[in-house]
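Report on one structure; see the data block that follows.
In what follows, chains carry the letters A, B, and so on, assigned in the order in which the sequence lines appear, proteins first and then strands, with residues in each chain numbered from 1.
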There are 2 protein chains.
Amino acid sequence: MEAIKTYIETHSGRFIDELFELLRVPSISSRPEHAGEMYRCAETWKKLLLEAGADRAEVLPTGGHPVVFAEKIIDPSLPTVLVYGHMDVMPVDPLDEWTTDPFQPVIKEGKIRARGADDDKGQAFMHLKAFEYLVSRDLLPCNVKFLVEGEEEIGSPNLPAFCREHAGMLAADVILVSDTSMIAADTPSITTGLRGLAYWQVEVTGPAIDLHSGLFGGAVANPINELCRLIASLQDEKGRVTVPGFYDDVQEVSPEERERAAGAPFDEETYKKNIGVRALKGEEGYSTIERVGIRPTLDVCGIQGGYTGEGAKTVLPSKARAKLSCRLVPRQQHEKIARLVQEHLQAIAPGHVTVTVEYLHGGPSYACPIDLPAYRAAEQACLDVYGKLPVPTRSGGSIPVIAAFEEILGIKTILLGFGLATDAIHSPNENFPLQQLFNGITTITRFYHHFAGNHNNK
Amino acid sequence: MEAIKTYIETHSGRFIDELFELLRVPSISSRPEHAGEMYRCAETWKKLLLEAGADRAEVLPTGGHPVVFAEKIIDPSLPTVLVYGHMDVMPVDPLDEWTTDPFQPVIKEGKIRARGADDDKGQAFMHLKAFEYLVSRDLLPCNVKFLVEGEEEIGSPNLPAFCREHAGMLAADVILVSDTSMIAADTPSITTGLRGLAYWQVEVTGPAIDLHSGLFGGAVANPINELCRLIASLQDEKGRVTVPGFYDDVQEVSPEERERAAGAPFDEETYKKNIGVRALKGEEGYSTIERVGIRPTLDVCGIQGGYTGEGAKTVLPSKARAKLSCRLVPRQQHEKIARLVQEHLQAIAPGHVTVTVEYLHGGPSYACPIDLPAYRAAEQACLDVYGKLPVPTRSGGSIPVIAAFEEILGIKTILLGFGLATDAIHSPNENFPLQQLFNGITTITRFYHHFAGNHNNK
C-alpha cells in the first residue's frame, strides 16, 4: 500500500490538472444547449483512458448524449470488472449562491470546489487513476472495462437500450461504481441499496391569459392556489403519501434488520448542523436513517407560477407548474407508481381548471447481497485503508441504471462510494475533499487485489 | 356634441402621436431601475398639459417617483374638478406572450396595443384632450386641476403624504378618475365601489442549502410542500378564507341591493369566453358579480421555489416563496387584515421550517354615493353619449389612493371609466379600442357641462 500512496503523492499535481480539465466542461445533461459540451467531455475521457493504459477507448453514440467505452483485456480467462461512472452534472442554479465559479475548479481548505467535484467526475476519476497505477506497475490482476455515460442526472434514458445493443462488449463479472457516499471520512460504508425514482411535471391551467387579480379575483379559480391544494393533499399529517396503492408493493424490512441498521453510527445533531435545519421531519414511526433508506417519499423539486420578480404585481395567473418526485424502495415499480400518481392527480383535479401530468423519468430501486465475492473484496479493501470494516448502508439516492444493469446484463453492482454528506452534491458549492479522492484511489487498487484473489478461490 | 366629435376627428392623428409618446416610456414603477423613465414620463405629461392649456404644470418630488400637478383656474368662485390619473404601468412579463412590443404602441383592428394603453395612460389621456377642447373653445365651465402620479401600480405608497403636504394646492369639489371599466362598449357604467388590497410575500425556509432529494428526501421538511400546505389551508372547500377574524368587518349587503345589482346585464358565457375558462369558481352562495364586487378574496399572485428550468433536477430546495394578496370590501381595514394574516401564518407555521411574512402594501376600499351632484353629472354625460343611463357597479379592483383622497382631502371621487373586460390590463397584449378613447373624451366634455350646471343649481 505504500507504493500506491507514493505514486499518488508523486503524481498528485498531474491528477488534479486532469480532473480540473474534466470539471471545466459544463456538461449539464438536462440542457439541450449543452449537447456539444457532452461530446467535449467524452473526448476528454477517451484521451485520459488511453493515457491511463486502456487498449481501446471509444466515444459511442446513444439515442441522446454519447457514452465512452474503454477496456484492457489482459487475459480473457481472468475475471472482468466493469467500471461505471457518469460525466454529466446537475444544473448549477441558483448561481448566486456559489462562492466560486462552478466550472472554474479551485482547491480551498483541502477541498476541490466545482460542480461535479464529487458527483460524479471526481469519484469516477478515482477509478481512472487506480487503473493507471495498476497498469503502470503491471499489477492489474484482472480485465477492466470502463463505461462512462452522459445522462445519469436525467435518469439514463438511453443507457438501457445501449446495454441491450452492446451486451457482449459490456460482459463482466461485476460492476464497480463510485457514485455514492460513505458515513464519515473515517467511517467507510458500502451502499447495499438504492431507492428508485419517479419524476413528473404537473401543470395547472386556469384562465387562458393572466388576469387582473382585483377585477377577476374571487370569480375564477387561481391555478397557483389549486396547484397548492393538489400538492398539499398528496401527503397526510403522518407524512404518508395519500396516493391510493402507493405503499402496496413496499418491501417491509424485518425488525431484526431494522435493529441492525439502527446500530450504524449516526449523530442527529451533526446531521442537522450539516444541512442547517432546526428540526428533522418525516414519516411517523421511522428513524431518520429509515426515512431515507427503506421508505418511499414525495418531494416537490420545483414550483413556479405568476409574478415572481421584485415587488408586487396583482395578477391572477393563467398557469402554475410543479416538478414532483418520489423516491421508491425495493419491490415498488416506478412505471406503476408513475401511473398511480398520474391517475390520482387526474381523479382529484377540480373541473374548473385543466391539470396535465407529464412523466419525465424514473428508475427502479436496487439491493446488493453482502455475501458476493466482490462485496467481500470491497470490504477487505476498506479494512486495508481505513482499518475497519465498512458499514452496509441503504442510500436514499437513486441510480436508475444500476437496476437496469442487473436486469439487462445480469450483472450485480458494488457501490463503493467516497462522497461525504458535506459535499453539497446537486447544490451550490459542491466540493470533494482531496483526502477522499486519494483514499478512494488507494481503496480501489486494493479492491482489485482482493477481488482477483477471492474470485480465484471461489 | 357635434363640435367635440368634429374636433376629435380633425385632431385624432395628433392625439394618437401624443398618446404613443407616453406609451413608449417603460414607466414600470415596481422596478427601481426604471426610476429614470418615471421622470421622462412626468416631463412628457407636463409638456402635454401646458400645450393643452394649463396655466401651470410642475413635476413635483415625493418620497418615491415624482407626480405631475397642473391647473387652470378660470374663476376662484367657480367649482373645481381635480382629475387624477397615473403614468406608471405594470411589469410586462411574461414577455414572450406579447404579440407586439409592449412599449412600441401600434394600432391593430381599431385597438391601441401597448402596456398602459388602457391602464392608465390611455384613460388619463382622455381627460387631457377633453380639457384641451374645452379650453380651446373657451367652453371650460369650472376650474380644473390635474394630479398624475407614478406609483399607483405599487399601491401609491407616497401619495398620501404628498396630499397632506399639498392639501391646499389639491383643494377641489370633486375628484374625477378614469381608471376603471364599463360593462360593455354600448353599456356605460360608473364604478361606485372599489375593493381594498393587502399584499404579502411569504417565504418558507427549510435546510440552509438546497439538498439532494434522494439522500435527504423523507428526513427533512420540503419548503415547497410546506408552503403549499400553508396556502391550501387558507381557504376552505366553500371558497371562504380561513384566517380567524377575516370576515368580522365585512359589510353585508342588503337583499334589496343584491337584487338590484343582480339586474345588471351579465352574460356568463361571454365572460368565460373573454378570459378563456371552462368554468367559473368562487365563494359559495354568491354570484360572479358579487364575488368580485362585494366579497373579499385571497389569491396567490406568484410562487417560486426549487428548480424551475427545463427538464428534471432532483433537489430538495432550501427556500420557497409566494406573493399573496387579498381584495377587501368596505369596512375591512387593510392594516388589520395584514396583521391577522401575518399572525395566522405564524400561528400555523410548522416548527421544523422558518416562515417569514412581509407586508408589501395595501389600501382601503371605497364607496361612492349615487346622489352626489357630480355622480348625477356623470350619469347625464353617459346618457348624452350612449343614449342610456350608466349602471352603478362595484369593481373588484383596488385604487388605494381613492380612499386616501377622501380621508386626507375630504373629497369624493367619481370613477368614470371606459375600459373593457377585453383590454387585458396587467396582462400580455394590453389594448384600448379607439372608439373607447374617443367616446371617453366626448363623455368627459359632457361631464363638465352638466357638473357646472348641477353645481350652480344645487
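- Contacts of A:Pro223 with chain B are absent, with no heavy-atom separation under 4.5 Å from either backbone or side chain.
- Although no hydrogens or angles enter the test, the distance criterion places a donor-acceptor pair under 3.5 Å between the side chain of B:Asp88 and the main chain of B:Glu153.
- For a residue to count as touching a neighbouring chain, one of its non-hydrogen atoms must lie under 4.5 Å from one of that chain's; by this rule A:Lys323 touches chain B with the side chain only.
- Looking at A:Thr297, the atoms closer than 4.5 Å to chain B (heavy atoms on both sides) all sit in the side chain, from C-beta outward.
- With a 4.5 Å cut-off on non-hydrogen atoms, A:Thr180 does not touch chain B at all.
- Contact of A:Glu283 with chain B is made through the backbone alone, with heavy-atom distances under 4.5 Å.
- For A:Ser395, the part lying under 4.5 angstrom from a heavy atom of chain B is the side chain only.
- Ranked by heavy-atom pairs under 4.5 Å with chain A, the first of B:Thr288, B:Asp119, B:Leu211 is B:Leu211.
- Of the two parts of A:Tyr307, the backbone and the side chain both hold a non-hydrogen atom closer than 4.5 Å to a non-hydrogen atom of chain B.
- Pairing each heavy atom of A:Gly396 with each of A:Arg195, the nearest pair is O-NE, 2.8 Å.
- Heavy atoms closer than 4.5 Å to chain A are found in both the backbone and the side chain of B:Leu280.
- With a threshold of 4.5 angstrom between heavy atoms, B:Leu197 approaches chain A through side-chain atoms but not through N, CA, C or O.
- Within the 4.5 Å cutoff, the side chain of B:Pro296 has no heavy atoms near those of the B:Cys326 side chain.
- With chain B as the partner, the residue from A:Ile231, A:Ile154, A:Ile289, A:Leu298 showing the most heavy-atom pairs under 4.5 Å is A:Ile231.
- Heavy atoms of A:Ser213 lying under 4.5 Å from chain B belong to its backbone as well as its side chain.
- Only the side chain of B:Arg31 comes within contact range of chain A, judged by heavy atoms closer than 4.5 Å.
- With a threshold of 4.5 angstrom between heavy atoms, A:Leu234 does not approach chain B through any atom at all.
- Salt-bridge formation is detected for the pair A:Glu430/A:Arg115: a Lys NZ or Arg NE/NH1/NH2 atom is positioned less than 4.0 Å from an Asp or Glu carboxylate oxygen.
- Counting heavy-atom pairs closer than 4.5 Å to chain A, the top residue among B:Gly206, B:Gly276, B:Gly306 is B:Gly276.
- Listed options B:Asn429, B:Asp93, B:Leu360 were ranked by heavy-atom pairs under 4.5 angstrom with chain A; first place goes to B:Asp93.
- Under the 4.5 Å side-chain criterion, counting only non-hydrogen atoms from C-beta, A:Cys228 is not in contact with B:Val300.
- Put simply, of B:Leu230, B:Val315, B:Ile303, B:Val292, the one with the most heavy-atom pairs under 4.5 Å next to chain A is B:Ile303.
- Of all the listed residues (A:Gly309, A:Gly239, A:Gly351, A:Ala312), the one sharing the greatest number of non-hydrogen pairs under 4.5 Å with chain B is A:Ala312.
- Between chain A and the options B:Thr354, B:Val277, B:Asn222, B:Asn274, heavy-atom pairs under 4.5 Å are most frequent for B:Asn222.
- Of the two parts of B:Pro317, only the side chain, counted from C-beta on, holds a non-hydrogen atom closer than 4.5 Å to a non-hydrogen atom of chain A.
- Only the side chain of A:Arg327 comes within less than 4.5 Å of a heavy atom in chain B; its backbone stays farther off.
- Minimum heavy-atom separation, B:Tyr271 to B:Phe266: CD1-CE1, 3.4 Å.
- Both the backbone and the side chain of A:Ile425 come within contact range of chain B, judged by heavy atoms closer than 4.5 Å.
- Contacts between B:Pro32 and chain A at a heavy-atom distance below 4.5 Å involve the side chain alone, from C-beta outward.
- For a residue to count as touching a neighbouring chain, one of its non-hydrogen atoms must lie under 4.5 Å from one of that chain's; by this rule A:Phe216 touches chain B with backbone and side chain alike.
- Per-residue heavy-atom pair counts under 4.5 Å with chain B were compared for A:Ala208, A:Ala322, A:Ser181, and the maximum is reached by A:Ala208.
- Contact annotation for A:Leu215: both backbone and side-chain heavy atoms come within less than 4.5 Å of a heavy atom of chain B.
- Across all their heavy atoms, A:Gly293 and A:Val329 have their closest contact at O-CG1, 4.2 Å.
- Chain A forms more heavy-atom pairs under 4.5 Å with one residue of B:Gly282, B:Pro207, B:Ser30 than with any other, namely B:Pro207.
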